[in-house]
J.: 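Before I ask anything, here is the structure I am working with.
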Amino acid sequence: MEEKYILYGAGHYCKKLCEIIKVSKLKIIAIVDSDQNKWGMNFEGYIIESPSILQNYSESVICITVKDDNVINEIRKYIKKNYPKCVKNEISYYKLIIEAYKNNETILQLISSFEIDIEHSKKFLFDCSAGLVFGGVENWTIDICKKLIQNGLKKVYILSDMGNYIVPSELDNHIFYLNIKHDNSFSECNIINILKEILSNLPCKIITRSTNEVMLAAYLIKRYYPDLIEVVSPIHNSYEEMYKMYEEFLCCSDIYIGVSQDIIERMIKLGVTSEKLYLMHIPFDCKKTLSRSYSLNIHEPLKIGYAGRMEVEQKRMDLLLKLIKYLSDRNINFIFNLAGNGTYLTEMKVYLQNNNLENYVQFFGQLERSQMLDFWKQQDICVNIADYEGRSISITEAMGSGAVPIVTATSGVKEDIRQGKNGYIVPIGSYCDIAKHIEYFFLNREMLCTMGRLAHDAVLPKSYMKKHIDFWKEILFA
């Protein structure tokens, strides 16, 4: 029997679903909204109706097209209380997108009729469709592809958008450009353009970057040609919204690669079997023997470093400003050295000026990856106050250079940091706890040498590029 869908919530997400479902074999039978001011309005060719009509559709499937989890839960409670028998089940937003494309005749015809040349050897396509801009995932993609090519894997390619980027010469002729519109995600046009590129390069392994259009396109091809394509999904971050997305896309990937044991454990909780999971350590520049100095003179300012995006979202630069003021109020002699850029940078400088804190901070701007070793060798302490990370390469780089980490309890840090031995982990958001540990080093500077050396020794075995290349050769040729 044909599934019938009710969309609850006439907003941006609902509009996107209407566009996708209209070109599929699925059927929308109603759009409802809790806001009575919308009732009777025309929305994408449908009339917005009151939730009371749910009682008329006992065999329908409902999709709550709202982003906020709290609102979604309130709507669920409302339906359960008022219309407990009106819907057969619920489908999530992205699962409905996947279902719509599985029932899109244009897509199915394109895949089934495409002339596939399977004579050539397997290609390895690394997804960087969001663009080759500065960022942790993008830098890693460029680095690993460059190293794999240098190690003789000539069939390694990057999928990028149509942007104009400066890339290493090793990647010349190793980038496939996708004609996609970022402001129209999961559109039929985007999916078709990605499908054509992947189909033209079968057989292949797709190495995804997120739960995005490339992952969906690869899955749609895999349903037709399971022997010609495999989807490998590195997971570089760790936060609740991301795990919910991966749960919705569980059907798409063949194996997963987490950058921390925390990520591995969370994916197991989502139902991924252990044989599909691998742990990956991202290499970084680290000298085998630590040679550096520390600010041991009590009259010297402690040198505290941060490297990353200057943002409130995730990175919590608002709390970093509070930390700086807190340390100043306690008469700690310190200098904060900040490397990076971001949308919050201007506001940070205004705050520092308004609070007479400019002398406590130096901004280094966006540094090249090759400069980070020298940057961290100049710092006594590394601070990271983020709400979430996958496994911060900035923290491991700092530890590799002997900077003592004082960081929030994000994913992966407990694998490298032994509390009170080679650094400190504090609860998320606890900038006051970070300040207390900084004050300890202010008064006990000799501990910088001891803990800094132990920090270096803890991450050194994870820094080697050869191990990383061997790991990826195993993954790609499995």
Side-chain angles (χ1 to χ4, degrees), residues 132-140 142-143 166 236-237 282-287 290 292-295 300-325 327 334-353 357-408 410 412-413 416-417 423 431 434 438 441 448 452 455-456 459 463:
L132 292 169
V133 294
F134 176 82
V137 178
E138 292 76 19
N139 284 340
W140 171 80
I142 290 171
D143 286 347
I166 299 174
H236 294 269
N237 221 325
I282 295 180
F284 57 95
D285 195 2
C286 182
K287 301 297 183 183
L290 182 65
R292 56 158 298 161
S293 60
Y294 293 92
S295 305
E300 288 183 89
L302 279 178
K303 297 182 179 66
I304 308 169
Y306 167 83
R309 298 195 315 276
M310 306 294 178
E311 307 285 356
V312 171
E313 172 68 25
Q314 180 188 358
K315 298 301 184 180
R316 297 309 306 269
M317 290 296 98
D318 56 328
L319 296 185
L320 189 75
L321 292 176
K322 291 183 178 182
L323 170 62
I324 292 169
K325 188 171 190 313
L327 291 171
F334 71 96
I335 184 74
F336 241 109
N337 296 312
L338 308 181
N341 212 330
T343 59
Y344 199 63
L345 180 59
T346 300
E347 194 163 342
M348 290 176 69
K349 291 181 177 180
V350 170
Y351 176 91
L352 293 170
Q353 184 176 23
L357 298 170
E358 305 103 305
N359 292 335
Y360 290 104
V361 180
Q362 290 189 59
F363 291 95
F364 283 70
Q366 194 71 62
L367 299 181
E368 297 292 332
R369 186 79 182 273
S370 59
Q371 298 175 286
M372 294 313 302
L373 181 66
D374 287 336
F375 172 80
W376 283 120
K377 282 183 68 175
Q378 303 305 312
Q379 315 309 321
D380 302 308
I381 294 167
C382 157
V383 162
N384 187 302
I385 201 166
D387 283 343
Y388 60 88
E389 300 276 7
R391 189 184 198 131
S392 171
I393 188 65
S394 178
I395 295 173
T396 52
E397 285 178 332
M399 293 178 68
S401 293
V404 181
I406 308 176
V407 301
T408 45
T410 57
V413 294
D416 298 326
I417 299 173
Y431 69 90
I434 292 178
I438 291 174
F441 285 114
L448 290 167
H456 165 272
V459 299
S463 69

J.: Does Gln371 use its side chain to pair, donor to acceptor, with the backbone of Glu368 at less than 3.5 Å?
T.: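 Looks like yes, one N/O pair under 3.5 Å.
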
J.: To the nearest 0.5 Å, how far apart are OG1 in Thr410 and CG in Asn384?
T.: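 Those atoms lie 5.5 Å apart.
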
J.: Parallel, tilted or perpendicular, judged at 30° and 60°: which one describes the rings of Phe375 and Phe364?
T.: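 Answer is perpendicular, since the angle exceeds 60°.
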
J.: How about Tyr360 and Leu327: do any of their side-chain heavy atoms sit closer than 4.5 Å?
T.: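 A side-chain contact under 4.5 Å is absent here.
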
J.: With distance as the sole test, does Tyr294 use its side chain to make a donor-acceptor pair with the main-chain N or O of Gly402 at under 3.5 Å?
T.: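 It does hold such a pair.
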
J.: Can you confirm whether the side chains of Gln378 and Asn337 place a donor and an acceptor under 3.5 Å from each other?
T.: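 No pair is found: no donor N or O on one side chain lies under 3.5 Å from an acceptor on the other.
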
J.: Please test Arg391 against Asp416 for salt bridge (Lys or Arg N to Asp or Glu O under 4.0 Å), starting from the C-alpha separation and ending with a verdict.
T.: CA-CA 10 Å; Arg391 189 184 198 131; Asp416 298 326; 2.9 Å; yes

J.: Do the side chain of Ser394 and the main chain of Ala307 share a donor and acceptor less than 3.5 angstrom apart?
T.: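 Yes: the side chain of Ser394 pairs with the backbone of Ala307.
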
J.: Can you list the steps and then say if Glu397 with Lys377 is a salt bridge (Lys or Arg N to Asp or Glu O under 4.0 Å)?
T.: CA-CA 10 Å; Glu397 285 178 332; Lys377 282 183 68 175; over 6 Å; no

J.: Could you tell me whether a side-chain N or O of Gln314 sits under 3.5 Å from a main-chain N or O of Tyr388, the two making a donor and an acceptor?
T.: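 Here the side-chain-to-backbone pair exists.
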
J.: Are the side chain of His456 and the backbone N or O of Cys286 linked by a donor-acceptor pair below 3.5 Å?
T.: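 Not a single qualifying donor-acceptor pair exists.
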
J.: Give the C-alpha distance, both sets of side-chain angles, the deciding distance and a yes or no for side-chain contact (heavy atoms from CB on, under 4.5 Å) between Arg369 and Asp143.
T.: CA-CA 10 Å; Arg369 186 79 182 273; Asp143 286 347; 3.2 Å; yes

J.: So, Asn341 side chain and Gly365 main chain: donor-acceptor pair closer than 3.5 Å or not?
T.: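 Checking the backbone N and O of Gly365 against the side chain of Asn341, no donor-acceptor pair under 3.5 Å is found.
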
J.: Nearest heavy-atom pair of Pro301 and Ile335: which atoms, and what distance?
T.: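 Closest approach of Pro301 to Ile335, heavy atoms only: CB-N, 4.1 Å.
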
J.: Between Tyr351 and Leu357, is the side-chain contact (heavy atoms from CB on, under 4.5 Å) condition met? List the steps.
T.: CA-CA 8 Å; Tyr351 176 91; Leu357 298 170; 4.0 Å; yes

J.: Let me confirm one number: the CD1-CD1 distance from Ile304 to Ile438, rounded to the nearest 0.5 Å.
T.: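 Between atom CD1 of Ile304 and atom CD1 of Ile438 there are 4.0 Å.
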
J.: Keeping the roles fixed (side chain from Asp380, backbone from Ser295), state whether a donor-acceptor pair exists under 3.5 Å.
T.: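 Yes: the side chain of Asp380 pairs with the backbone of Ser295.
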
J.: Do the side chain of Arg309 and the main chain of Thr343 share a donor and acceptor less than 3.5 angstrom apart?
T.: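 Answer holds: no.
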
J.: For the pair Thr408 (side chain) and Ala386 (backbone), establish whether a donor and an acceptor sit closer than 3.5 Å, ignoring hydrogens and angles.
T.: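 The answer is yes, because a donor-acceptor pair under 3.5 Å joins these two groups.
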
